[in-house]
Amino acid sequence: MKRTDYISWDEYFMGIALLSAMRSKDNNSQVGACIVSPENKILSLGYNGMPIGCNDDDMPWEREGDDLNTKYMYVCHSELNAILNSPHNDLTGARMYVTLFPCNECAKAIIQSGIKELIYLSDKYHDTHASIASRRMFNMTGVKYRAYQPTGREIHLEV
């Protein structure tokens, strides 16, 4: 008789997104993403970090101050990294599991790549213009999005 207490696909892929987030060197926000085919095959992973070739030790990680001296001008978000890291040219119909609801810039990349469903863990910036714009674009383009429903068996990470 097979066991029945195995984890669901959502638990599995969100767990991988959480594990990917642990690679981030950001001391405030660690975000991970996992892109999955309709057949439940992992297509790509990403986490928030500096672009390839930019030495993490030479880049600013601050959140406040002059724009050029904060991380915001430089960090690649996990969603964009997962899309750009994918060896697959076509992500049409894929799902993305992400630990933090995407900003408007990442929403554009998600839509353009053909991803059709987004499952997110945290939506702590729900009322910001970036999140409102993301939901507006997802609604216009038919990208489904839903909050991940924790079961208590997950890896825990502050996002």
So, for A21 and G32, which heavy atoms are closest and what is the spacing to 0.1 Å? CB-N, 3.3 Å
Checking W61 side chain against N28 main chain: does a donor-acceptor pair fall under 3.5 Å? no
Is there a donor-acceptor contact under 3.5 Å from the side chain of S113 to the main chain of L91? no
Taking the six-membered ring for Trp, are W9 and F13 parallel (under 30°), tilted (30 to 60°) or perpendicular (over 60°)? parallel
Spacing of CE belonging to M50 relative to CG belonging to D57, to within rounding of 0.5 Å: 10.5 Å
Just so I know, are the side chains of K144 and K116 near enough to count as touching, which here means a heavy-atom distance under 4.5 Å? no
On a heavy-atom basis, which atom in P87 and which in L43 lie closest, and how many Å separate them? CD-O, 3.6 Å
Quick one: are I83 and I110 in side-chain contact, heavy atoms under 4.5 Å? yes
Tell me, do Y97 and I16 make a side-chain contact under 4.5 Å, heavy atoms counted? no
List the atom of M137, the atom of A107, and the distance in Å for their closest heavy-atom pair. CE-CB, 4.0 Å
Which distance, rounded to the nearest 0.5 Å, do you find between the OG of S37 and the CD of E39? 4.0 Å
Which distance, rounded to the nearest 0.5 Å, do you find between the CZ of R63 and the CG of N27? 8.5 Å
Where the side chain of S134 meets the backbone of N104, is there a donor-acceptor pair that is under 3.5 Å apart? yes
Looking only at heavy atoms, what is the nearest atom pair of S20 and G46, with distance? CB-O, 3.8 Å
Less than 4.5 Å apart, any side-chain heavy atom of L118 and any of P102? yes
Main-chain N/O of E64 paired to T70 side chain as donor or acceptor, under 3.5 Å: no
Residue D66 excluded, over 12 heavy atoms near CG under 6.0 Å: yes
Between S44 and A82 (side chain of the first, backbone of the second, donor and acceptor by atom type, cut-off under 3.5 Å), is there such a pair? yes
For S29, is there any backbone N or O sitting under 3.5 Å from a side-chain donor or acceptor partner on N48? yes
Verdict with supporting geometry, K124 and F101, side chain to side chain contact (heavy atoms under 4.5 Å, CB included): CA-CA 8 Å; K124 70 178 179 179; F101 191 84; over 6 Å; no
Angle class for the Y120/Y145 ring planes (parallel below 30°, perpendicular above 60°, tilted otherwise)? tilted
So which heavy atom on H126 is nearest to which on R135, and how close? O-NH2, 2.9 Å
Find out if a path of hydrophobic residues (ILVMFWY) with successive side-chain heavy-atom gaps under 4.5 Å connects L45 to L18. yes
Please check: side-chain N/O of Y74 versus main-chain N/O of L68, any donor-acceptor pairing under 3.5 Å? yes
Would you indicate whether the side-chain heavy atoms of E79 and L100 approach each other to under 4.5 Å? no
Heavy-atom closest pair, residues I115 and A94: CG2-O, 3.4 Å
Go through the steps for I119 and R95 under the test side chain to side chain contact (heavy atoms under 4.5 Å, CB included), then give the verdict. CA-CA 8 Å; I119 301 92; R95 297 188 314 278; 4.1 Å; yes
Answer yes or no: is there a donor N or O on one side and an acceptor on the other, between the side chain of S131 and the main chain of D127, under 3.5 Å? no
Measuring from atom OH of Y12 to atom CD1 of I42, what distance do you get when rounded to the nearest 0.5 angstrom? 4.5 Å
Kindly work out whether a path of hydrophobic side-chain contacts (I/L/V/M/F/W/Y, heavy atoms less than 4.5 Å apart) joins V36 to I7. yes
Evaluate the side chain to side chain contact (heavy atoms under 4.5 Å, CB included) criterion for residues L121 and M14: first the C-alpha distance (whole Å), next the side-chain angles of each, then the deciding distance (0.1 Å), finally the verdict. CA-CA 8 Å; L121 181 60; M14 188 59 75; 4.0 Å; yes
So CZ of R23 and OH of Y47: to nearest 0.5 Å the spacing works out to 4.0 Å
Within a strict 4.5 Å, meaning less than it, do heavy atoms of the Y148 and E11 side chains meet? yes
Check step by step if side chain to side chain donor-acceptor pair (under 3.5 Å) holds for D90 and T92. CA-CA 6 Å; D90 188 8; T92 302; 2.4 Å; yes
Hey, does the side chain of S24 reach the backbone of Q30 with a donor-acceptor pair shorter than 3.5 angstrom? no
I would like to know whether R146 and D10 meet side chain to side chain contact (heavy atoms under 4.5 Å, CB included); could you show each step before the answer? CA-CA 11 Å; R146 62 183 166 89; D10 277 359; 2.8 Å; yes
Hey, what do you get for CZ (F138) to CD (E117), rounding to the nearest 0.5 Å? 11.5 Å
